[in-house]
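This is a predicted model, so every value here is computed, not measured.
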Amino acid sequence: QVQLVESGGRLVQAGGSLRLSCVVSGGTFTANTMGWFRQAPEKEREFVGAIGRQGIVTNYAGSVKGRFTIPRDNARNTVYLQMESLTSEDTASYYCAAGPNMHIDPREWTWWGQGTQVTVSS
């Protein structure tokens with residue numbers, strides 16, 4: 001059983017930066033593509049970005065491209081979401097996910113964390 005635990009969410013001012021972490025246990029970390037999604041109140045869960053198994057290939061949503069990056073540390077079974085130039089539009093619960101490929105549809109991902117809240121004050 002693969003378990004994902006996110007951390008790092010908090011209140012941050014607009015224009016600020018934040019790094020979320022997701023630690024994975026169980027299974028083989030490098031067997032999975034890792035992704036981040038977010039969900040704001042009364043909105044559907046949306047793709048933020050993903051990184052391939054070896055940490056080389058990445059894909060980002062247009063709304064975060066150039067501001068967010070997703071490094072992964074295979075030695076620590078950890079993937080991060082580094083967020084820069086945050087705006088109120090980035091306020092959401094952020095979820096880490098693991099799965100077989102870099103799909104933007106959340107239904108294609110296999111394992112999920114419990115989420116961590118990011119609130120950006122303007």
Side-chain angles (χ1 to χ4, degrees):
Q1 184 72 12
V2 177
Q3 293 185 322
L4 291 71
V5 179
E6 304 99 331
S7 62
R10 61 177 176 85
L11 175 66
V12 61
Q13 288 190 335
S17 302
L18 192 63
R19 188 178 80 163
L20 306 181
S21 300
C22 173
V23 178
V24 182
S25 60
T28 301
F29 183 64
T30 53
N32 290 297
T33 294
M34 299 300 301
W36 287 93
F37 288 75
R38 66 186 181 185
Q39 188 167 16
E42 300 182 359
K43 291 189 177 181
E44 294 186 352
R45 190 166 297 190
E46 66 170 352
F47 175 80
V48 173
I51 186 166
R53 295 170 180 79
Q54 298 306 315
I56 298 173
V57 178
T58 57
N59 184 30
Y60 296 97
S63 59
V64 307
K65 193 172 293 185
R67 299 189 300 123
F68 291 11
T69 58
I70 303 178
R72 69 185 286 169
D73 186 341
N74 287 346
R76 298 178 185 271
N77 286 8
T78 302
V79 64
Y80 305 94
L81 179 62
Q82 180 67 45
M83 303 183 287
E84 309 286 344
S85 302
L86 287 161
T87 74
S88 58
E89 295 296 309
D90 298 314
T91 294
S93 291
Y94 283 74
Y95 297 87
C96 176
N101 55 51
M102 211 172 283
H103 210 288
I104 65 172
D105 186 340
R107 295 171 296 181
E108 298 293 326
W109 293 75
T110 309
W111 294 283
W112 291 87
Q114 81 288 350
T116 186
Q117 177 67 35
V118 173
T119 303
V120 183
S121 64
S122 57

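- Q39 and K43 make their closest contact through NE2-O, 3.1 Å (heavy atoms, listed as atom of the first residue, atom of the second, distance).
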Candidate pair I51 and T33, rule side-chain contact (heavy atoms from CB on, under 4.5 Å), full reasoning: CA-CA 6 Å; I51 186 166; T33 294; over 6 Å; no
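- V118 has its side chain within reach of L20: a pair of non-hydrogen atoms, C-beta onward, lies under 4.5 Å apart.
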Only pairs under 3.5 Å count here: list side-chain donor-acceptor contacts from residues 69-76, not counting sequence neighbours, and write none if there are none.
unit_1: R72; atom_1: NE; unit_2: N74; atom_2: OD1; d: 2.8
unit_1: R72; atom_1: NH1; unit_2: N32; atom_2: O; d: 3.0
unit_1: R72; atom_1: NH1; unit_2: G52; atom_2: O; d: 2.8
unit_1: R72; atom_1: NH2; unit_2: F29; atom_2: O; d: 3.1
unit_1: R72; atom_1: NH2; unit_2: N32; atom_2: O; d: 3.4
unit_1: R72; atom_1: NH2; unit_2: N74; atom_2: OD1; d: 3.4
unit_1: D73; atom_1: OD1; unit_2: A75; atom_2: N; d: 3.1
unit_1: D73; atom_1: OD1; unit_2: R76; atom_2: N; d: 3.3
unit_1: D73; atom_1: OD2; unit_2: R76; atom_2: NE; d: 3.2
unit_1: N74; atom_1: ND2; unit_2: R53; atom_2: O; d: 3.2

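- Partners of V2 under the side-chain contact (heavy atoms from CB on, under 4.5 Å) rule, at least two apart in sequence or in another chain, are L4, V24, W111.
- Residues that satisfy the salt bridge (charged side-chain N to carboxylate O under 4.0 Å, His left out) test with R67, not counting sequence neighbours, are D90.
- The side chain to side chain donor-acceptor pair (under 3.5 Å) check on T119 picks up Q117, with sequence neighbours excluded.
- Residues forming a side-chain contact (heavy atoms from CB on, under 4.5 Å) with T110 (at least two apart in sequence, or on another chain): P100.
- At a threshold of 4.5 Å between non-hydrogen side-chain atoms, the residues V48 and Y60 do not count as touching.
- The backbone N or O of E89 lies less than 3.5 Å from a partner atom in the side chain of T87, making a donor-acceptor pair.
- Legend: ring pair (Phe, Tyr, Trp, His ring centres under 6.0 Å) pairs involving residues 83-103, not counting sequence neighbours: none detected.
- Pairs passing the salt bridge (charged side-chain N to carboxylate O under 4.0 Å, His left out) check and including a residue from residues 8-37, sequence neighbours excluded, do not occur.
- Scanning for ring pair (Phe, Tyr, Trp, His ring centres under 6.0 Å) contacts around W112 gives F37, with sequence neighbours left out.
- Counting heavy atoms from C-beta on, the side chains of V79 and C96 come closer than 4.5 Å.
- E6 places no side-chain N or O within donor-acceptor distance of the main-chain N or O of T116, the cut-off being under 3.5 Å.
- W109 and A50 make their closest contact through CH2-CB, 3.9 Å (heavy atoms, listed as atom of the first residue, atom of the second, distance).
- Counting only heavy atoms from C-beta outward, the side chains of V5 and C22 never approach each other to under 4.5 Å.
- Scanning for side-chain contact (heavy atoms from CB on, under 4.5 Å) contacts around A14 gives V120, with sequence neighbours left out.
- Sorted by first and then second residue, the salt bridge (charged side-chain N to carboxylate O under 4.0 Å, His left out) pairs with a member in residues 106-122 read D105-R107; sequence neighbours excluded.
- Taking the side chain to side chain donor-acceptor pair (under 3.5 Å) definition, one finds that E84 meets it with S17, Q82, sequence neighbours left out.
- Listed by chain and residue number, R38 satisfy the side chain to side chain donor-acceptor pair (under 3.5 Å) test with E46 (two or more places apart in sequence, or in another chain).
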